[in-house]
*Asks:* 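Take a look at the following structure, please.
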Amino acid sequence: MTKKLPRTMEEFAVACGVSRPTLSKFFENPDSVKGSTRQRIEAKLEETGYRPNLYARNLNRKRTRTVGIVVPSINDPFYAGLVTRLEILLRAQGYWPLTISPHGQPELEGEALLTLQSLKVGGALIAPLGFASDLGAMARFAEGTPCVFLDNAIGTLGPFVGTDNAQSVGTMVDYLCRSGSAPIYLNTPAVNRGVNERRAAYESAVARHGATPVVLDSDMGHPWDLEQVGHDRMRACIADGLPGTTILCANDRLAFGVIAAAHEAGLRVGHGAGFDLRVAGHDDHPLSRFSAPSLTTMAQDYDAICHKAGDLLLAALEGGRLDHADSTRLPAKLVMRGSA
């Protein structure tokens with residue numbers, strides 16, 4: 001006759017010969033129970049293949065060891081890079097990451113917050129959509145859940161960790177002005193405050209070099225399809241007559257579209273004699289060194305951003321306090337390649 005395997009925590013506790021509270025302590029932290037008890041439970045786990053329903057257990061708690069991660073689009077390599085690092089960091093500290101992407105849609109961002117709230121997550125790391133975010137919903141969520149915000153500051157609801165746009169864009173403008181003509185600026189659709197910060201940084205830096213800022217704005221037709229935005233805007237500029245021979249793009253994805261459109265128009269992109277156009281970006285997209293030509297850009301410090309945000313949240317989950325005053329802006333690094 002086949003021996004019945006345990007299906008619940010109560011049945012598994014009986015099979016192990018331990019109390020239900022002792023078993024809960026083991027699953028919370030194996031080192032919190034006696035060595036002999038731990039060995040007995042581990043042997044029974046191996047024998048039966050039993051695994052607890054961790055979400056069911058967590059729902060009985062006021063707060064769980066699950067941490068929500070919300071980013072605007074998981075398809076964007078910048079956000080994918082953040083998510084990968086954050087998940088590894090959280091798992092190493094004994095927390096369970098739960099990643100949700102609203103895919104650029106405000107209603108899905110609100111739904112993500114409600115989902116995390118219903119699951120009683122211990123805390124959350126959030127890169128908000130930006131101007132399209134429901135600030136009331138975000139404030140209600142942050143009031144009851146420890147939150148650290150990434151990439152895009154959103155009021156004073158919690159500490160923000162991201163790149164120092166004034167430093168990064170200023171560094172790129174300084175390089176481009178020293179090595180050739182002052183850049184014109186291809187802006188991304190105005191989806192968040194970071195967009196405005198980078199534009200302001202460009203205008204200030206160009207003015208310091210005694211040049212006149214020239215900004216090419218993009219419409220909001222498809223704000224998260226940035227390669228297409230860059231391609232379409234560049235084609236229109238070429239048709240109308242480019243106002244300059246150096247283009248600084250607000251991010252690398254725009255720059256990929258710009259380079260493609262320039263190639264289609266027969267323009268050679270690169271630095272030095274024989275080239276028609278210089279193109280630079282921002283972010284150090286994983287494919288930026290493989291574009292043709294490879295892209296000059298500003299490398300955001302993914303690791304530092306994730307570790308600083310993770311440390312702030314983990315400290316709060318262990319009893320500390322979160323304060324907007326703990327916000328941090330980190331410098332980016334100039335990466336010179338063939339495009340500029």
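Index from 1, following the sequence. These figures come from a predicted structure and were not determined experimentally.
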*Asks:* Is there a donor-acceptor pair under 3.5 Å between the side chain of Y175 and the backbone N or O of A340?
*Replies:* yes

*Asks:* Look only at the side chain of Y202 and the backbone of P183, and say whether a donor-acceptor pair between them is shorter than 3.5 Å.
*Replies:* yes

*Asks:* For T84 and G81, indicate whether the former's side chain and the latter's backbone hold a donor-acceptor pair under 3.5 Å.
*Replies:*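 No, because the side chain of T84 does not come within donor-acceptor range (under 3.5 Å) of the backbone of G81.
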
*Asks:* Check whether H324 reaches the backbone of G158 with its side chain - one donor and one acceptor, N or O, closer than 3.5 Å.
*Replies:*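 Checking the backbone N and O of G158 against the side chain of H324, a donor-acceptor pair under 3.5 Å is found.
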
*Asks:* For V279, is there any backbone N or O sitting under 3.5 Å from a side-chain donor or acceptor partner on S339?
*Replies:*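 Such a contact is found between S339 side chain and V279 backbone.
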
*Asks:* Can any side-chain N or O of T48 pair as donor or acceptor with the backbone N or O of Y50 at less than 3.5 Å?
*Replies:* yes

*Asks:* Using the benzene-type ring in the case of Trp, are the ring centres of F256 and H231 under 6.0 Å apart?
*Replies:* no

*Asks:* Taking only residues two or more places apart in sequence, or in another chain, which ones meet F26 in a side-chain contact (heavy atoms from CB on, under 4.5 Å)?
*Replies:* P30, V33, R38, I41, E42, L45

*Asks:* Mark yes or no for whether T296, through its side chain, and R337, through its backbone, hold a donor-acceptor pair below 3.5 Å.
*Replies:*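 Yes; at least one donor-acceptor contact below 3.5 Å.
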
*Asks:* Please check if the number of heavy atoms outside E107 that lie under 6.0 Å from its CD is greater than 12.
*Replies:*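 Enclosed.
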
*Asks:* Is it the case that the side chain of S168 and the backbone of D164 share a donor-acceptor pair, with hydrogens and angles ignored and the cut-off at 3.5 Å?
*Replies:* yes

*Asks:* Quick one: salt bridge (charged side-chain N to carboxylate O under 4.0 Å, His left out) partners of D252, sequence neighbours excluded?
*Replies:*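 Testing D252 for salt bridge (charged side-chain N to carboxylate O under 4.0 Å, His left out), a comparison that skips the adjacent residues, returns none.
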
*Asks:* With rounding to the nearest 0.5 angstrom, report the CD1 to CG distance, I259 to L267.
*Replies:* 12.0 Å

*Asks:* Give a yes or no on this: more than 12 heavy atoms of other residues, nucleotides or ligands lie within 6.0 Å of atom NE2 of H209.
*Replies:* yes

